[in-house]
Amino acid sequence: MKSLLVRSAVLIVCLGGIAGAQSVAQSAAFRSVDPMIGTGPDGHTFPGAVAPFGMVQLSPDTEIKPFKQSYKWAAGYRYEDSSILGFSHTHFSGAGHSDLGDVLITPETGEVKLEPADYRSTFQHKSETAEPGYYAVTLDTPQVRAELTATTRVGVHRYTFPTDKPAHLIVDLRSSIYNYAGKVMWSRVRLREGGLVTGMRETRGWAPARQLYFAMRFSAPLTGHLFRNVEPVPQEYLGFSGVRRDATDVPFKEGRGLVAAFDFGQLASPLVVEVALSTVSEEGAIANLNAEVKSFDFEGVRAQARAAWEKELGRVEFSGTEAMKKNLYTALYHALMAPSTAMDVDGRYRGPDEEVHQAKNWEFVSSFSLWDTYRAEQPLMTLLQPEERTNNVVRSLIASQQQSPYGILPVWQFAGLETWCMIGYHAVPILADAYRKGIRGYDAEAALNAMVASARYRQYEGVGEYIDRGYVPVDHDDESASETMEYAFDDWTIAQMAHAMGKRDIEQEFTKRAAYWRNVFDTKSGFVRPRLADGSFREPFDPAKAGNGSGFTEGNAWQYSWYQPQDEAGLIQLLGGEDKLIQKLDAMFDAKVDPKQYADVEDIAGMIGQYIHGNEPSHHLAYLYAYAGAPWRTQERLKQIIESQYRPAPDGLVGNDDLGQMSAWLLFTSMGFYPVAPGSNEYVLGRPFVDETTLHLPNGKTLRIVKEGSGDYVGGVSLNRQPLTRVFLRHDELLAGGELRFTMQNTPNKEFGRAATARPYSMSTGLH
């Protein structure tokens with residue numbers, strides 16, 4: 001008995017030591033995150049408070065401009081600005097377009113001012129604090145300390161006012177990112193018994209007819225309130241002193257230009273404000289509020305948010321330089337924001353048909369920037385959160401297709417609504433990738449049906465002609481070359497899922513379509529080219545031409561000619577050999593480019609020759625050397641990209657983070673591999689950029705990735721002490737855990753990965 005007790009005590013001590021070590025690692029990861037990274041020129045991230053995948057993303061807004069001038073403020077906040085309008089509850093992290101900025105709140109002292117030009121306040125960056133789940137700043141004009149934290153559906157504010165001045169809050173329902181003029185279709189605010197405030201607004205923005213409801217309560221009693229409807233907004237507006245009352249002192253008001261003011265008198269202690277959101281109803285917002293926060297416990301919510309972030313960030317441990325760890329943990333933080341929760345605590349949500357639906361035992365999520373995130377962001381989730389998040393993503397996509405008025409999967413969806421932004425039907429590879437990786441918890445037949453329905457929807461951006469001709473003609477669609485290339489990849493993923501499910505007719509149909517990229521590839525020039533309806537390539541042709549009239553989407557032939565991740569061996573064949581691909585890639589990276597070439601194209605940033613890291617069609621290109629038997633060239637290019645495109649500063653992201661895609665690229669690449677072709681279950685090897693990475697896998701296993709030695713070239717790779725001669729890893733090998741070891745050296749190993757059998761998957765060479 002004594003020996004058993006001793007063994008038990010030892011076991012408890014050991015387990016406690018492991019738990020303690022993991023807790024320390026989680027805290028270190030949390031401290032390494034800098035939410036200010038990417039808030040500068042082109043990153044379009046925001047520094048505010050959000051829970052992992054939170055519906056509420058509460059952050060300061062520094063500017064509102066007319067639509068055509070608003071691109072730089074897509075996240076509401078821009079580090080270069082010196083004043084803050086207030087704090088709104090919805091934002092996108094790193095989007096190339098925007099909307100949102102709902103329910104803006106700003107504190108005031110003294111005389112109440114109802115117009116943005118008047119209630120805007122200057123601030124100093126030295127007064128800001130930003131960490132996962134918490135943001136704080138001192139507003140100079142009212143001399144108020146503002147603090148923000150959040151649960152999944154509730155934003156919690158804490159305002160410390162001067163004790164000798166009347167305290168007010170302005171709630172502006174007119175305010176929106178990308179300009180509010182004419183955007184608000186209707187809004188409502190009501191004061192209920194006990195000081196509870198509820199309301200809604202419907203907006204006509206990027207997503208049409210979007211409805212958002214809120215419920216708000218205060219830790220101090222109201223001493224007065226004012227509701228005003230201004231339509232249109234006048235140039236000048238008289239405020240009120242905090243004493244004067246008029247006909248607008250009513251408990252309910254509706255209109256298209258609502259602004260409210262709430263008085264609290266002089267406050268001896270901080271004011272806590274709790275704001276819950278719902279896409280369903282005011283009652284849904286009240287239920288969310290009651291379920292997620294209690295007793296105005298700001299510090300309790302902050303601690304809860306911190307614990308949630310420490311858990312999520314603790315899934316991966318990085319060992320390297322402090323700068324690199326800051327980059328990587330911030331990237332992981334950004335990658336864990338979307339797709340975000342888009343339903344109430346009772347499972348109700350508003351779908352793409354604008355009707356209310358009920359989810360049972362799963363969570364409806366939205367904010368699908370699919371043109372970006374199918375490449376690396378969602379494959380990252382299949383590795384880190386296959387059951388928790390990926391199943392919800394898959395079920396949400398299927399539900400959206402079934403509820404869509406058009407019967408197709410989302411293209412770029414948020415709040416359950418479609419925006420029709422970008423090209424392709426890129427929900428398809430997400431579904432196929434999840435199924436091929438063995439992730440279940442949804443109706444696979446419904447998933448495949450949704451994929452096929454989207455790919456056969458002839459009315460969508462040239463799909464009908466793509467089906468009939470084998471390509472989209474440029475004289476009928478100006479983005480035709482890009483569309484043909486992207487459709488072909490999506491079609492290949494349908495074929496892969498159909499194959500896995502034994503659906504031979506579907507597999508054959510989409511395997512044929514997966515080769516349609518060849519129909520726009522010109523072997524004479526070695527480029528993908530826009531093709532006319534009569535079958536000829538359009539003349540004249542300049543591979544560097546981008547923007548309107550180019551035939552390409554946010555890019556040109558230099559980026560899109562290598563976009564056939566399903567068949568890079570086929571590209572090598574058409575080019576005339578491996579050396580030809582290497583020469584083309586080198587010419588792209590080393591090109592001398594006149595920046596004016598992209599003057600009229602948004603989202604072009606992070607240029608290395610004609611390689612554009614700030615835009616997604618380039619993201620796999622450095623890995624293509626491995627398909628030509630020269631992975632050492634991949635290693636060189638990755639070093640060039642990492643060193644020039646990422647740094648731990650507000651301007652540390654060269655392009656929009658695109659809801660986690662830029663971050664996911666950095667995470668994968670730093671670990672030493674990348675999912676070039678989602679749906680293949682393969683990751684192409686690069687080289688690691690940290691000393692060690694530990695993945696705590698959801699199946700309870702651990703994968704340790706070690707960089708041994710110095711130098712910028714991979715001398716050899718071993719998996720669980722067995723030499724790896726191929727330049728790719730399989731998904732099941734990662735999930736099995738163990739150790740992946742890269743031995744580094746100062747000179748390239750030109751034999752590693754050179755054999756034809758060592759290359760990653762291509763259609764032309766078949767499955768490994």
Side-chain angles (χ1 to χ4, degrees), residues 324 327-328 331 372 375-377 379-380 489 555-566 568-569 571-572 575 578-591 593 604-646 653-655 658 661-678 680 682-690 707 712-714 717 726-729 742 744 748-750 752-754 758-762:
M324 196 62 182
N327 277 336
L328 289 169
D372 310 291
R375 305 167 196 262
E377 162 68 16
L380 182 69
F489 173 71
N556 59 26
W558 276 108
Q559 294 100 47
Y560 268 100
S561 293
W562 340 121
Y563 190 76
Q564 51 289 101
Q566 73 275 25
E568 299 299 347
L571 171 65
I572 290 172
L575 284 173
E578 298 166 353
D579 290 344
K580 296 293 185 182
L581 176 60
I582 292 172
Q583 289 169 16
K584 281 284 187 181
L585 291 171
D586 285 345
M588 175 190 65
F589 277 106
D590 298 335
V593 179
I604 301 298
M607 297 182 68
I608 304 174
Q610 287 285 2
Y611 174 89
I612 302 174
H613 191 68
N615 214 24
E616 279 66 22
S618 288
H619 275 192
H620 69 297
L621 297 181
Y623 288 91
L624 298 191
Y625 292 98
Y627 290 78
W632 61 278
R633 300 301 309 281
T634 289
Q635 297 154 25
E636 290 178 338
R637 292 302 186 188
L638 292 177
K639 183 175 188 289
Q640 186 180 9
I641 295 168
I642 289 277
E643 290 182 350
S644 63
Q645 308 295 299
Y646 296 91
L653 290 177
V654 297
D658 284 315
Q661 170 58 27
M662 288 277 287
S663 289
W665 186 95
L666 177 64
L667 290 162
F668 271 123
T669 296
S670 295
M671 289 189 286
F673 48 85
Y674 186 77
V676 169
S680 69
E682 290 185 359
Y683 303 85
V684 180
L685 291 177
R687 51 147 296 189
F689 285 86
V690 289
K707 184 178 75 169
D712 294 324
Y713 295 98
V714 175
V717 182
R726 48 186 160 88
V727 291
F728 63 90
L729 293 165
F742 292 82
M744 307 301 291
N749 179 352
K750 297 184 180 181
F752 175 63
R754 186 169 180 79
R759 315 291 172 80
Y761 166 87
S762 284

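Since the structure is predicted, the reported quantities are computational estimates derived from the model, not experimental observations. In this chain, numbering begins with 1 at the start of the sequence shown.
In this structure, OG on Ser561 lies 10.0 Å from CE on Met588, to the nearest 0.5 angstrom. Atoms NZ and CZ, from Lys584 and Phe589 in turn, are 14.5 Å apart once rounded to the nearest 0.5 Å. With rounding to the nearest 0.5 Å, the separation of CD in Glu636 from OH in Tyr625 is 8.5 Å. One distance of note links CG of Asp658 with NE2 of His619; it measures 8.0 Å at 0.5 Å rounding. The CD atom of Gln640 sits 9.0 Å away from atom CD of Gln645, with the distance rounded to the nearest 0.5 Å. Atom CD of Gln564 and atom CG of Leu571 lie 4.5 Å apart (nearest 0.5 Å).
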Exercise for review: Go through the steps for Leu685 and Phe742 under the test side chain to side chain contact (heavy atoms under 4.5 Å, CB included), then give the verdict.
Suggested key: CA-CA 10 Å; Leu685 291 177; Phe742 292 82; 4.0 Å; yes

Point to revise | CA sep, side-chain torsions, deciding dist, call: Trp665, Glu616, side chain to side chain contact (heavy atoms under 4.5 Å, CB included) | key: CA-CA 10 Å; Trp665 186 95; Glu616 279 66 22; over 6 Å; no

Exercise for review: Show your working on side chain to side chain contact (heavy atoms under 4.5 Å, CB included) between Asp586 and Arg637 and close with a plain yes or no.
Suggested key: CA-CA 10 Å; Asp586 285 345; Arg637 292 302 186 188; 3.1 Å; yes

Practice item. List the steps, then state whether side chain to side chain contact (heavy atoms under 4.5 Å, CB included) holds for Val684 with Phe673. Key: CA-CA 5 Å; Val684 180; Phe673 48 85; over 6 Å; no

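For the pair Val654/Met662, a side-chain contact is recorded, criterion being any heavy-atom separation below 4.5 Å from C-beta on. The shortest side-chain heavy-atom distance between Asn556 and Gln610 falls under the 4.5 Å cut-off. Put simply, the side chain of Leu666 reaches to within 4.5 Å of the side chain of Ile642, judged on heavy atoms. In this structure the side chain of Thr669 reaches within 4.5 angstrom of the side chain of Tyr623, judged on heavy atoms. In this structure the side chain of Phe752 reaches within 4.5 angstrom of the side chain of Val717, judged on heavy atoms. The closest side-chain heavy-atom distance from Ser644 to Ile608 is below 4.5 Å.
A pairwise comparison of heavy atoms in Gly686 and Val714 identifies O-CG2, 3.7 Å as the closest pair. Taking all atoms of both residues into account, the shortest heavy-atom contact from Tyr713 to Gln635 is CA-OE1, 3.4 Å. Residues Ser618 and Tyr611 approach most closely at O-CE1, 3.0 Å, considering heavy atoms. Across all non-hydrogen atoms, the minimal contact from Leu585 to Trp562 is CD2-CD1, 4.3 Å. Annotation for Pro678 and Pro379: closest pair CG-CG, 4.1 Å, computed over non-hydrogen atoms. Closest approach of Gln661 and Asp372 over heavy atoms only: OE1-O, 3.1 Å.
Judged by distance alone, the side chain of His613 and the main-chain N or O of Met607 form no donor-acceptor pair under 3.5 Å. Checking side-chain atoms of Glu682 against main-chain N and O of Tyr761 turns up a donor-acceptor pair under 3.5 Å. Without hydrogens or angle criteria, Ser762 side chain to Glu568 main chain gives a donor-acceptor distance under 3.5 Å.
The pair Glu578-Arg759 meets the salt-bridge criterion, with a side-chain N (NZ, NE, NH1 or NH2) lying under 4.0 Å from an Asp/Glu carboxylate O. Ion pairing between a basic and an acidic side chain is recognised when a charged N comes within 4.0 Å of a carboxylate O; Arg633 and Asp579 show no such pairing.
Using a 30° and 60° split on the angle between ring planes, Tyr563 and Tyr560 fall in the perpendicular class, above 60°. Relative orientation of the Tyr683 and Phe668 rings is tilted, given thresholds of 30° and 60° on the angle between their planes.
Aromatic rings from Tyr627 and His620 are positioned such that their centres are separated by 6.0 Å or more.
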